[in-house]
Amino acid sequence: MTAAISIRDAKLRFGHTQALDSVTLDVAPRDCFGLVGESGSGKTTLMRVILGLERLQSGSIRLFDAPLKSGSAGIAQRTRLVQAIFQDPAASLSPRRRIGQLLDEVGEVLGEARDSIRARQAALFQRLGLPPGTVDKYPYQISGGQARRVAVARALLMNPRILIADEPTAGLDVSVQGDLLNLLQELRADRDLTLVVVSHNLAVVRLIADAAAVMHRGRIVEQGPAAQVFDGPAADYTKRLLASWPRLRWHALGSNLE
Amino acid sequence: MPAIVQFIVQRLAAALLTLVGAILLLFVIIQFVPGDLASILLGPRATPELRAQFAERMGLDRSIPEQIFLFFRRAVSGDLGTDVVTGRDILSIILDVLPNTLQLAGAGLLISLAFGIALGCIAALKPGSLIDTVLGVASVAFITTPAFVVAIFLLLIFSLKLHWLPVTGAGAPGDPLDRLSHLILPATALSIGWIGYLARLVRASLLEVLSEQHVRMMRAYGVPEGRIVRHFALRLALVPMVAVMGIGVGDMISNAVFVEIIFARPGIGTLIYNAILNRNFPIVQAGILFTVLTYVTCNLLVDVINALLDPRIARSLNKPA
Amino acid sequence: MSGAAISHLSVDFATKGGIHHAVRDISLAAGPGRILGLVGESGSGKSTVALALMGLLAGNAEVTSGALQLGSESYDLARAQATAALRGIRMAMIFQDPFASLNPVFSIRAHLTEVLSRRSPELDGEARNRAAMEALAAVGIDRPEIRLAQYPHELSGGMRQRVAIAMALLVRPDLLIADEPTTALDATVEAQVMQQICGLRDRIGCSILLITHSLGLVAQYCDDIAVMYAGELVEQGSVAAVAAKPGHPYARALLACEVTIDAPRGADARASRFRIIPGDLPDPLHLPSGCIFRTRCDMAIADCARIVPPPVTVNGEPGHVARCIRVNEK
Amino acid sequence: MDVYLPILRDIWRSPTGRIGLVLVILILLFAILGPVFSVAPNKIAVQDRFQGPSLQHLLGTDNLGRDLFSRTAQGTRAALAISLIVVALSLLIGAIIGVAAGMAGGWIDRGVIVLFDIISAYPAVILAMGLIALYGVGFTNLLLVVTLLFIPQFGRMARAQTLSLRHQPFIDAERVLGLPMAKLVWRHFLPNVLGPLIVLASMNVPVVITIEAGLSFIGLGVQPPQASLGSLIRDGYVFLNQSWWPTIGSAITLALATLGSTLFGEALRDAADPKLRGRHK
């Protein structure tokens with residue numbers, strides 16, 4: 001089976017920091033892949049490389065077995081394969097354009113007729129619970145939750161085969177963070193998506209991911225099935241990371257929760 | 001090597017590069033003047049001998065790179081030539097008047113800093129109060145009135161009507177009191193705009209600093225409010241102010257031209273201005289060179305002072321991109 | 001020392017839309033040498049409680065009632081500057097963002113000695129310096145003599161938060177308030193910083209009010225827990241008791257939403273779903289009648305709209321109370 | 001349009017902004033309509049020299065008996081024309097150079113920065129005086145020289161904006177979408193670069209007015225017989241002993257013009273600040 005994402009010996013250096021150090025990684029199609037690490041671990045850089053926003057200094061990256069060019073040529077090539085929801089969805093909407101104009105751009109890029117793209121957009125809005133009037137608004141006029149859904153809609157309009165979610169729980173209260181995660185889970189089932197979740201939140205990734213990689217100082221210190229990485233880690237760093245994660249211990253305390 | 005030393009070395013190198021570039025620009029500006037360079041630069045007084053001398057000196061018959069080299073060698077060695085009108089060494093003419101301008105600009109700077117910081121702090125400590133509003137309106141009025149207009153009205157009121165202060169000149173050399181009385185009005189004229197500007201800047205940045213978390217932290221540890229403002233907040237609030245003082249110096253030198261003309265005060269400004277009127281270009285050129293040198297040096301000083309005030313500045317420059 | 005107790009604290013904010021009652025009638029107690037975790041989501045008012053105690057609220061805020069009992073003395077929080085004399089002597093605070101809580105143009109030494117000049121004015125410069133160095137060493141900072149001369153930007157976030165803890169250590173307060181001290185930090189650093197906070201408690205035996213949105217942090221490090229929702233305290237008790245049987249539906253829902261690192265994991269990750277609490281926080285200017293949580297509560301009945309629920313002891317456990325009229329039903 | 005209307009509304013709702021807007025409109029009207037309602041500004045009538053204000057000469061007459069109302073209107077018109085042209089030109093050139101440098105990076109970027117530094121190494125008025133002295137006085141030269149002085153400011157800001165925009169999440173998002181470069185620059189870069197530049201431009205209008213007046217004051221700006229606020233003040237200053245009126249009328253007009261445009265520019269800056277956007281919703 002060909003990998004959805006296949007990275008070989010990727011290296012990238014910014015000044016004195018080795019952001020990516022010999023990263024080799026395979027993401028199986030239709031998997032949810034968790035990329036975890038602390039700040040400065042290189043997980044965001046790796047995501048940007050996959051999206052074509054950073055150029056590798058050496059190494060290769062293939063999506064569905066097609067080797068990818070670097071830079072803007074690479075972007076045109078991969079834009080139909082991979083899309084992303086950025087950490088701060090409100091900031092990922094161009095501030096001086098209406099939501100509708102931003103979504104129409106997808107049609108332009110795909111060469112799709114305006115009627116067709118708007119019909120798909122309307123259907124997606126309904127599916128995501130966005131009021132139809134949202135298209136007439138500017139990004140600063142909608143709430144953070146709505147911006148997040150608009151960002152999801154824009155990514156899905158491209159019909160990608162891979163969807164990357166960058167820190168989908170960052171800055172959210174626990175009572176609402178599940179909203180986006182559940183949405184991603186449903187979309188994954190509906191659309192045969194390969195999902196990559198980039199996050200520092202080990203607990204969430206542990207539950208949502210089929211496979212995962214742990215990054216530290218530009219290197220992948222451990223990767224494998226999620227059950228193995230999170231419940232039987234081999235690398236010292238992973239063990240340390242998991243040990244430092246606060247535990248609820250409700251079970252030990254005799255919680256009668258379900 | 002400590003970050004601050006590295007910073008100073010880097011800023012020094014950058015200042016030298018800028019200076020070299022500025023001299024080059026001056027050369028280019030002169031080269032592109034349409035017409036015969038010798039007759040333009042020497043003006044109507046140019047005799048054939050003078051022209052020949054001039055062509056020899058500038059190396060007008062040589063290649064451009066050689067001319068640039070000669071130009072630099074003269075600029076660096078301080079050989080600015082001899083004034084055709086007085087027959088004096090141009091360097092000594094400039095050094096005669098330069099202290100007057102430096103005193104004027106320095107006094108203007110001190111007045112703006114003293115009043116700007118004081119008024120800014122007063123306004124920031126009672127935001128929204130009557131005194132804040134009054135100072136705000138006064139600051140805008142100060143900023144928007146051009147220095148030369150202020151100079152005329154100061155002259156009109158305090159010298160011509162009230163006869164409190166002398167009208168013109170820089171005062172007798174060697175008489176500090178006389179020189180000081182000649183300095184008051186022109187320096188005030190120079191500083192009015194910057195008092196307004198600095199008062200607003202200090203107010204804004206002090207208010208911003210006072211709303212920051214570390215000030216709240218100091219309050220949480222019971223540090224008295226007066227000490228927080230004077231000791232902890234003010235130093236941080238002065239960083240953006242010092243940063244604009246680089247521009248401030250340039251503005252002082254620029255406005256010194258007008259103020260010197262109005263008060264008929266000997267200085268670089270009047271020297272250049274009179275040289276332009278007499279089409280005495282070697283003096284114009286030398287005068288410009290010296291103002292650039294002064295300006296670049298002041299900017300370097302401002303950068304270093306700011307780096308001493310805020311340790312993050314030296315560090316950020318040394319950090320690899 | 002007999003710990004700290006807050007009673008009937010209420011705070012109003014004047015906003016354009018009207019008066020916003022941000023904190024309403026909150027009573028809390030943290031015993032000596034105990035850590036009380038004050039938990040709540042955004043908009044719960046938990047940070048307002050901390051700032052009200054310290055007397056550091058913004059200008060548009062007003063404490064309308066409340067008292068702080070510290071040892072044998074009581075302070076009326078509604079009076080301006082009620083606790084000003086206690087700051088840096090009997091009370092200290094650690095703030096959320098370590099990158100903003102130290103003044104960037106002053107050295108670490110300047111921060112620490114400033115605290116000492118208030119707390120221990122009898123010390124001379126040399127003694128202050130030594131005390132500052134010892135405090136840094138005590139919070140696990142290597143080579144404190146070098147760190148003292150450094151500036152905040154030269155230190156990592158975790159290191160800066162340790163400096164903040166060292167400042168608190170120098171004060172030896174009766175009550176330490178820590179407002180989300182680890183939210184900006186990575187998990188491994190969070191663990192280290194929390195251990196230092198616990199170490200400080202062990203060393204000086206103070207009461208600690210830990211304000212956090214993380215139930216995990218509370219479960220791991222706190223003795224007692226108090227849960228806030230939309231400006232009200234809905235439940236409090238010992239961590240063990242509340243964890244065993246949360247009485248308030250909001251506390252129960254919040255616990256269920258918390259994703260734990262040791263949660264049972266199904267065989268198929270695709271099947272994982274996450275709990276949420278449907279609905280939004282009530283509009284602060286138009287609060288619902290009766291129970292504050294009833295608009296999002298799945299157990300709400302008609303009475304919930306009429307009765308403002310009083311604190312009810314849960315399960316007959318002393319000290320474990322919840323403000324829900326249906327708490328002991330079943 | 002509904003992005004810009006709230007800005008205008010915000011300006012009107014701030015007290016200083018309202019004063020600024022009213023002053024700017026009055027000065028504009030004076031500059032545009034003043035000459036229409038006045039006698040010939042250059043008509044010499046020596047017998048009428050140094051008159052105080054009267055119905056016939058609203059602002060009095062100067063040393064040659066010329067009507068000062070007409071001449072002040074003419075000078076105001078020159079000041080506004082020059083400042084608007086200079087600001088527009090330096091914005092345009094600065095934006096092109098700055099955005100290009102920011103996008104290109106590397107040695108092009110560094111070279112442009114050094115060039116800007118070199119131009120700004122000269123105190124503005126000194127460089128202007130030198131250039132005008134060498135290349136000759138005149139309207140065109142005045143425009144070009146002052147424009148040159150202001151290019152570095154706009155260029156630096158355009159470059160800084162471009163650099164910071166390059167790292168904005170919404171630019172990343174558009175790139176990931178695969179939007180072609182030309183459209184990316186046109187739709188998402190330029191509107192966001194231009195905003196702050198236009199604010200800077202409006203803040204610089206009073207500065208240019210002051211510089212033009214200063215240069216004209218020392219005879220290197222607008223040339224006689226064409227009037228300028230600076231040369232009017234100069235003429236008045238020379239004859240200060242005989243009459244105050246020539247100085248006062250033009251000085252107050254100059255001060256009002258800079259005051260109005262400063263207040264307007266600052267209100268525009270505040271209204272355009274996205275952090276403050278929608279305060280008055």
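In the text below, chain A, chain B and the rest are named by the order of the sequence lines, each starting its count at 1. Atoms considered below: every heavy atom in the structure, side chains included; atoms not considered: hydrogens, waters and symmetry mates.
Heavy-atom pairs under 4.5 Å with chain D peak, among A:Arg80, A:Met158, A:Arg97, at A:Arg97. The greatest number of non-hydrogen atom pairs below 4.5 Å with chain D, out of A:Leu102, A:Leu53, A:Leu51, is found for A:Leu53. With chain A as partner, the option from D:Met181, D:Lys183, D:Gln168 having the largest number of non-hydrogen pairs under 4.5 angstrom is D:Lys183.
More than 12 heavy atoms of other residues, nucleotides or ligands sit less than 6.0 Å from atom CD of A:Gln57. Counting non-hydrogen atoms of other residues, nucleotides and ligands closer than 6.0 Å to CZ of D:Arg110 gives a total of 12 or fewer. Environment of CZ in A:Arg217: sparse, with no more than 12 heavy atoms of neighbouring residues, nucleotides or ligands closer than 6.0 Å. Within a 6.0 Å radius of CZ in D:Arg18, other residues, nucleotides and ligands contribute more than 12 heavy atoms.
For A:Glu105 and D:Arg187, the salt-bridge test passes: some basic side-chain N is under 4.0 Å from an acidic carboxylate O.
Within the 4.5 Å cutoff, the side chain of A:Phe86 has heavy atoms near those of the D:Val176 side chain.
The two atoms that bring D:Ala173 and A:Ser92 nearest to each other are CB-O, 3.5 Å, heavy atoms only.
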Trace of the side-chain contact (heavy atoms from CB on, under 4.5 Å) decision for A:Arg48 with D:Asp172: CA-CA 9 Å; A:Arg48 292 176 63 84; D:Asp172 280 347; 2.6 Å; yes
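If you take CG on D:Leu179 and CD on A:Glu108, they are separated by 6.5 Å, rounding to the nearest 0.5 Å. Note: D:Leu190 CG to A:Arg96 CZ = 11.5 Å, rounded to the nearest 0.5 Å.
Looking at residues two or more places apart in sequence or on another chain, you find a side chain to side chain donor-acceptor pair (under 3.5 Å) between A:Ser116 and A:Glu112.
When atom types are taken as modelled, the side chain of A:Thr79 and the backbone of D:Leu177 share a donor-acceptor pair closer than 3.5 angstrom. No donor-acceptor distance shorter than 3.5 angstrom exists from the side chain of A:Ser94 to the backbone of D:His188, with no hydrogens or angles considered.
Looking at A:Leu93, the atoms closer than 4.5 Å to chain D (heavy atoms on both sides) all sit in the backbone: N, CA, C or O.
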